[in-house]
Participant: 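Below are the structure tokens for one structure; questions will follow.
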Amino acid sequence: MRRLCDETDARRLLNPGPVAIVTTAWRGITNAAPVAWTAPLSMEPPLVGCVIHPHRHTSDMIRFSQEFAINIPGPSLLKQTAFLGSQSGLNTNKLEAAGLSLFNGIRIEAPLIEGCLAWIECGLQDVIRMGDHTLFVGRVVSVQALDEAYAQQWLLQERRYSPLTYIGGTRYAVVGDAMEAAVEVDAQGGLIAETVEEREQREEEEAREQEVRKAEGEEGFAEMTRQ
Ligand SMILES: Cc1cc2nc3c(=O)[nH]c(=O)nc-3n(C[C@H](O)[C@H](O)[C@H](O)COP(=O)(O)O)c2cc1C
């Protein structure tokens, strides 16, 4: 059944991109905050965007320092990510309180977080007010990634090397289960949504499931799929 949602649900429905931990530094002070609203904006020049509420300390830190880094965590930094998003860094050194180890960036002052999967260093290119948030446009000046996690694309071969994504509230997920999309069209140019092989595979899987259901009884099957 289709359900009418609130207009504000649009933000949550668009959520699952990698969550970014935005690190900043200014006059010897550092800060970090998770930011789910990020987007690639341009290839040439390479630009990325972070959408941040003006009340966040991170917003001031970016304005003052004119730069920021995006650190992309995997599941091992789940709690640290949530912690960094639970309070302002205005009066606390959150990076220290979270027990995170840092290393120097290549091009900017903002520290990079050890244990993440990838790091994007940016100079501030533009600041655009968007409703109640601000779009900080970053000119990418350096990018690093772990070999185990990324090779021109996220590899998603191992859970611990797959990026964390934010669902909303206290819920996160790990990006996984990569699928290959082979697009084929019929003589009329219409999409072949299921090839003969895919249909056979699906039917086989359904038949197998049916057999298990019969053997276990409906209750046993429900119990099994819950586990
Ligand atoms: C997973 C997660 C994603 C978040 N995404 C955003 C975001 O996209 N933009 C934003 O302004 N705040 C976002 N927040 C809230 C800030 O991270 C939070 O207010 C943080 O405490 C700000 O810290 P600061 O004041 O030190 O910058 C997010 C919080 C969490 C936990």
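Just the heavy atoms: all of them, side chains too, but no hydrogens, waters or symmetry mates, feed the values below. Given the structure is predicted, the values throughout are model-derived calculations rather than measurements. Every number for a ligand or one of its atoms is a count from 1 in the order of the listing.
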Participant: Counting non-hydrogen protein atoms only, what is the nearest one to atom 1 (C) of ligand 1? Give residue, atom name and distance.
Facilitator: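 Here the nearest protein heavy atom works out to Tyr172 OH, 3.3 Å.
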Participant: For Glu206, does the CD atom have more than 12 heavy-atom neighbours from other residues, nucleotides or ligands under 6.0 Å away?
Facilitator: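 Counting neighbours around CD of Glu206, more than 12 heavy atoms of other residues, nucleotides or ligands fall under 6.0 Å, so yes.
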Participant: Any N or O of Asn31 that comes nearer than 3.5 Å to an N or O of ligand 1?
Facilitator: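 So ligand 1 has an N or O lying under 3.5 Å from an N or O of Asn31.
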Participant: With a 4.5 Å cut-off on side-chain heavy atoms, are Ile113 and Leu95 touching?
Facilitator: yes
Participant: Can you find an N or O of Ala36 that's nearer than 3.5 Å to an N or O of ligand 1?
Facilitator: yes
Participant: Look at Arg202 together with Glu198 and state whether they make a salt bridge at an N to O cut-off of under 4.0 Å.
Facilitator: no
Participant: Hey, what's the ring geometry for His53 with His133, parallel, tilted or perpendicular (30° and 60° as the breaks)?
Facilitator: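 Correct class here is perpendicular.
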Participant: With nothing but distance in play, are any N or O atoms of Trp37 less than 3.5 Å from an N or O of ligand 1?
Facilitator: yes
Participant: One residue to check: Tyr166. Relative to ligand 1, which of side chain, backbone, both or neither has a non-hydrogen atom less than 4.0 Å away?
Facilitator: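 Side chain only.
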Participant: Determine whether the side chain, the backbone, both or neither of Lys94 has a heavy atom under 4.0 Å from any heavy atom of ligand 1.
Facilitator: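 Side chain only.
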Participant: Are any of the N/O atoms in Ala33 less than 3.5 Å from those in ligand 1?
Facilitator: no
Participant: Please could you name the atoms of ligand 1 that His57 approaches to less than 4.0 Å, counting only its heavy atoms?
Facilitator: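 Under 4.0 Å from His57, ligand 1 has these atoms: 24 (P), 25 (O), 26 (O), 27 (O).
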Participant: For ligand 1, is there an N or O atom under 3.5 Å from any N or O atom of Thr81?
Facilitator: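 For ligand 1, there is no N or O atom that lies under 3.5 Å from one belonging to Thr81.
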Participant: Given side chains that start at C-beta, do those of Asp60 and Ile62 come closer than 4.5 Å, heavy atoms only?
Facilitator: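 Answer no - side chains too far apart.
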Participant: Return yes if a side-chain donor-acceptor contact under 3.5 Å exists between Asn31 and Thr24, otherwise no.
Facilitator: no
Participant: How far is atom 16 (C) of ligand 1 from its nearest protein heavy atom, and which residue and atom name does that atom have?
Facilitator: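 Nearest protein contact, heavy atoms only, for atom 16 (C) of ligand 1 is Arg56 NE, 3.6 Å.
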Participant: Per the side chain to side chain contact (heavy atoms under 4.5 Å, CB included) rule, which among Val48, Ile108, Val143 passes with Cys122?
Facilitator: Val48
Participant: Tell me: protein heavy atom nearest atom 14 (N) of ligand 1, and distance?
Facilitator: Pro34 O, 3.5 Å
Participant: Please determine if Val51 has a nitrogen or oxygen closer than 3.5 Å to a nitrogen or oxygen of ligand 1.
Facilitator: yes
Participant: Would you list the pairs meeting ring pair (Phe, Tyr, Trp, His ring centres under 6.0 Å) in which at least one residue belongs to residues 98-129, sequence neighbours left out?
Facilitator: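 For residues 98-129, and leaving out neighbouring residues, the ring pair (Phe, Tyr, Trp, His ring centres under 6.0 Å) pairs sorted by first residue read Phe103-Trp119.
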Participant: Just to confirm my output: which protein heavy-atom neighbour is closest to atom 27 (O) of ligand 1, and how far is it?
Facilitator: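 Checking every protein heavy atom, the shortest distance to atom 27 (O) of ligand 1 gives Thr58 OG1, 2.5 Å.
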Participant: Hey, does Ile52 sit under 4.0 Å from ligand 1 if you only count heavy atoms?
Facilitator: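 Yes.
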Participant: One residue to check: Leu90. Relative to ligand 1, which of side chain, backbone, both or neither has a non-hydrogen atom less than 4.0 Å away?
Facilitator: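 None of Leu90 does.
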Participant: Please determine whether the number of non-hydrogen atoms from other residues, nucleotides or ligands lying under 6.0 Å from atom CD of Glu203 exceeds 12.
Facilitator: yes
Participant: Give the contacting part of Leu84 toward ligand 1: side chain, backbone, both or neither, where contact means a heavy-atom distance below 4.0 Å.
Facilitator: backbone
Participant: Which residue pairs satisfy the ring pair (Phe, Tyr, Trp, His ring centres under 6.0 Å) criterion with at least one member in residues 168-201, sequence neighbours excluded?
Facilitator: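 Ring pair (Phe, Tyr, Trp, His ring centres under 6.0 Å) check on residues 168-201 returns Tyr166-Tyr172.
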